[in-house]
Amino acid sequence: MVGPERPLFVLFGSSIVQFGFSSQGWAAILSDLYSRKADIVLRGYAGWNSRLAVQVLDQVFPKDASRQPSLVIVYFGGNDSIHPLPSGLGPHVPLPEYVDNMRKIAMHLKSLSKETHVIFLSAPPINEKQIKESLSGKLGGTVRTNESCRIYSEACLELCQEINVKGVDVWSAIQQRDDWLESCFKDGIHFTSEGSKIVAKEVLKTIKEADWKPSLYWKELPIEFPDHYNVILGPGGEPVNIYNLEFNRCAEWE
């Protein structure tokens, strides 16, 4: 462990989380914005569903940990929504069980501390044609449809309202872009940098609008070490704050 201690954000989910730092992903965007403000920790497990997530809650988020997260962003649902196989195997989780699992996840996380906040990401849409072209030989006959993603997305968001957890409607947000089918996916499921930008903006909007005290929005959190540690002298001897110059590039996320 290194210090000083910062707010801890944990990203917990399946491949949408595990790959969140690749290809200018949404996790990388958050980590960049929160540099010197919060620690972004990834706990992503490709191929997992909510059933598996519930089984490891105590290991990933032990209640007796000396440091508890300030924010946990959770994504499960896409794999749960895959159609069941005749064999009964595969990642499919029936909708009622999915909702119950997500409820268990939320209750466990909210019990960690009074300062732990939770955001659920709903299942995103998919490009069914692109999946068939790029992943047909790798998914073992599993079937994932945009309609099933919608159903699980809506169930997640309804649960969020019921249990007072912030929810991000990723399914709708991605489809607000006219060319989402062509621009947002690498393989029909996982995000390109353009898809990740949409997710990051929705997450940041949710954090900004939350009535959490103190706010966890990136512009509201203090930087680590005072400003006078960031000042260098310019060519004319004038003081230049490097930190402020660096964050001018982040204006699009305000």
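Positions are given from 1 along the sequence.
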> Heavy atoms, side chains only, cut-off 4.5 Å: are Asn146 and Gln175 in contact?
Replying inline: yes
>> Run Asp39 and Arg67 through salt bridge (Lys or Arg N to Asp or Glu O under 4.0 Å) and show every step you take.
In response: CA-CA 12 Å; Asp39 291 329; Arg67 181 188 181 196; 3.4 Å; yes
> How about Thr116 and Ser113: does a side-chain donor come under 3.5 Å of a side-chain acceptor?
Replying inline: yes
> Between Glu162 and Arg103, is there a salt bridge with N-O shorter than 4.0 Å?
Replying inline: yes
>> With heavy-atom distances below 4.5 Å as the criterion, would you say the side chains of Arg43 and Gln18 are in contact?
In response: no
> Does Asp80 use its side chain to pair, donor to acceptor, with the backbone of Asn49 at less than 3.5 Å?
Replying inline: no
> Would you say the side chain of Val72 lies within less than 4.5 Å of the side chain of Phe61, judging by non-hydrogen atoms?
Replying inline: yes
>> Within this structure, what is the CG-CD distance for the pair Asn164 and Gln161, rounded to the nearest 0.5 Å?
In response: 10.5 Å
> Can you list the steps and then say if Glu97 with Arg51 is a salt bridge (Lys or Arg N to Asp or Glu O under 4.0 Å)?
Replying inline: CA-CA 8 Å; Glu97 182 189 346; Arg51 185 181 295 159; 2.7 Å; yes
> How long is the span from the OG1 atom in Thr206 to the CG atom in Leu121, to the nearest 0.5 Å?
Replying inline: 8.5 Å
> What is the minimum heavy-atom distance between Ala53 and Ile105, and which atoms define it?
Replying inline: CB-CD1, 3.9 Å
>> Working note: Glu202 + Val199, criterion side-chain contact (heavy atoms from CB on, under 4.5 Å); need CA distance, chi angles, decisive distance, verdict.
In response: CA-CA 5 Å; Glu202 292 299 315; Val199 176; 5.9 Å; no
>> Would the distance check show the side chain of Arg36 and the main-chain N or O of Ile223 forming a donor-acceptor pair, the cut-off being under 3.5 Å?
In response: no
> Which atom pair, heavy atoms only, marks the closest approach of Ile198 to Cys184?
Replying inline: CD1-SG, 3.9 Å
> Does any N or O in the side chain of Lys208 come within less than 3.5 Å of the main-chain N or O of Lys219, such that one atom is a donor and the other an acceptor?
Replying inline: no
> If you draw a 6.0 Å radius around CG in Asp179, do more than 12 non-hydrogen atoms from other residues or ligands fall strictly inside?
Replying inline: yes
>> Could you go through Thr145 and Ser148, starting from their C-alpha distance and side-chain angles, then the distance that decides it, and tell me whether this counts as side-chain hydrogen bond (donor to acceptor under 3.5 Å, both in side chains)?
In response: CA-CA 5 Å; Thr145 66; Ser148 65; 3.1 Å; yes
>> If I take atom CG from residue Leu109 and atom CG from residue Leu57, how far apart are they, to the nearest 0.5 angstrom?
In response: 6.5 Å
> Tell me, which pairs form a ring-ring contact (aromatic ring centres under 6.0 Å, His included) where one or both residues lie in residues 89-113, sequence neighbours left out?
Replying inline: Tyr98-Tyr152
>> Arg150 vs Glu154, test: salt bridge (Lys or Arg N to Asp or Glu O under 4.0 Å). Steps then yes/no.
In response: CA-CA 6 Å; Arg150 179 191 66 80; Glu154 290 181 354; 3.0 Å; yes
> Would you say the side chain of Pro69 lies within less than 4.5 Å of the side chain of Phe9, judging by non-hydrogen atoms?
Replying inline: no
>> Are Lys205 and Glu209 packed together at the side-chain level, in the sense that at least one heavy-atom pair is separated by less than 4.5 angstrom?
In response: yes
>> Looking only at the side chains, is there a donor atom on one of Ser70 and His117 sitting less than 3.5 Å from an acceptor on the other?
In response: no
>> Distance check, rounded to the nearest 0.5 Å: Ile40 atom CD1 versus Leu11 atom CG?
In response: 6.0 Å
> Got Glu194 and Arg177 here, is their nearest side-chain heavy-atom distance under 4.5 Å?
Replying inline: yes
>> Contact between Leu95 and Ile151 at the side-chain level, heavy atoms closer than 4.5 Å - yes or no?
In response: yes
> Say you draw a straight line from NZ of Lys132 to NZ of Lys129; how long is it, rounded to the nearest 0.5 Å?
Replying inline: 10.5 Å
>> Centroid separation under 6.0 Å, is that true for the rings of Phe76 and Phe12?
In response: yes
>> If I compare all heavy atoms of Ser122 with all of Ser153, which pair ends up nearest, and what's the gap?
In response: OG-OG, 2.8 Å
>> Less than 4.5 Å apart, side chain to side chain, heavy atoms only: is that true for Lys166 and Val118?
In response: no
>> Quick check for you: to the nearest 0.5 Å, what is the distance between Ile16 atom CD1 and Phe191 atom CZ?
In response: 4.5 Å
